[in-house]
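No experiment lies behind these values; they were computed from the predicted model shown. Position 1 is the first residue of the sequence, and the numbers go up from there. Whatever order the structure lists ligands and atoms in, that order sets their numbers, starting from 1. Side chains are part of it too, since the values below use all heavy atoms of this structure and drop only hydrogens, waters and symmetry mates.
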Amino acid sequence: MYKKIDMQNLPKHIGIIMDGNGRWAKRRLLPRLAGHKAGVDALKRVTQAAKDLGIKVMSYFAFSTENWKRSKEEVDGIFDLVLKHLKENYDDFVKGNTKIMTMGDISKLPKELYDLLLDVTEKTKNNTDFIVNIGLNYGSRSELARAFTNLAQKGKVEITEEDIRSELYTNELPDPDLIIRTSGEMRLSNFMLFQNAYAELYFPKIHWPDFDERHLKKAIIEYQRRDRRFGNVKQEKNQ
Ligand code: FPP
């Protein structure tokens with residue numbers, strides 16, 4: 001039976017590791033980039049669906065610090081797709097009420113993409129309805145190393161969790177409540193390791209280009225079935 005989403009218990013922040021674009025393409029005898037292109041279409045659908053449902057923040061892992069190992073053609077192709085997506089939707093982003101954020105060292109990206117990302121993040125920084133956070137040249141370990149370096153430079157010796165949090169790219173975001181990794185791989189692959197300490201993890205087998213609004217709803221329903229205790233015990237047992 002199809003269960004309904006409890007609108008009072010939505011995850012505030014959902015993170016997505018968009019895996020399986022290559023396999024999706026291979027199965028169709030298409031080049032890998034066709035998989036990434038279909039991946040952008042999935043990203044658009046899922047972002048719209050999340051916004052319509054009332055989710056506040058979506059984080060996507062678009063390009064990891066390890067993805068530079070891929071062929072130049074694939075790397076350039078992914079950056080071109082991100083650039084194209086930003087250009088095509090620039091007016092909607094800037095005029096709408098969605099804030100675009102990035103995490104990762106974007107200064108290493110192609111200049112045109114870097115400039116556009118700076119522009120769009122600056123122009124949308126006061127938008128409040130909905131946040132889309134894109135991991136680009138992002139890796140959680142290098143994010144943490146950067147945070148500790150910043151703290152050391154500020155002369156911090158006794159470092160608190162809040163100090164670390166304040167130096168993360170995501171310092172203004174709530175932690176993800178739910179992480180979805182498509183394609184059946186059950187690992188986090190250096191994605192928001194500090195922030196995901198209490199995230200619920202969900203690993204549908206479907207490849208990312210096939211993921212749609214129904215799958216997002218299913219993931220949220222699964223999330224709502226979970227018993228989130230944050231290290232506590234169940235309230236009834238405690239009384
Ligand atoms: C993983 O699939 C996917 C990627 C490394 C790239 C995902 C990037 C996009 C969909 C572009 C994002 C666009 C915007 C606008 C943010 P894979 O190639 O590892 O798949 P495989 O494991 O099947 O080979």
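Taking a cut-off of under 4.0 Å to the non-hydrogen atoms of His85, the atoms of ligand 1 that pass are 15 (C). Within ligand 1, the atoms closer than 4.0 Å to a non-hydrogen atom of Ile134 are 16 (C), numbered from 1 in the order shown.
Nearest to atom 11 (C) of ligand 1 among the protein's heavy atoms is Val40 CG2, 3.9 Å. Given atom 1 (C) of ligand 1, the protein heavy atom at minimum distance is Met18 O, 3.1 Å.
Considering backbone and side-chain N/O of Gly22, one or more are found under 3.5 Å from N/O of ligand 1. The N/O atoms of Asn67, backbone and side chain alike, include none that comes under 3.5 Å of an N/O atom in ligand 1. Considering both main-chain and side-chain atoms, Trp208 never comes within under 3.5 Å of ligand 1 through any nitrogen or oxygen pair. Annotation: Trp24 places no N or O atom under 3.5 Å from an N or O atom of ligand 1; distance criterion only.
Between Leu216 and Leu53 there is a side-chain heavy-atom pair separated by less than 4.5 Å. At least one side-chain heavy atom of Leu144 sits less than 4.5 Å from a side-chain heavy atom of Phe148.
A side-chain donor-acceptor contact under 3.5 Å links Gln48 and Asp52.
A tilted orientation is assigned to the rings of Phe230 and Tyr198, their planes being inclined by 30° to 60°.
Remark: of the listed residues Lys154, Lys156, Arg146, Lys154 is the sole one forming a salt bridge (Lys or Arg N to Asp or Glu O under 4.0 Å) with Glu167.
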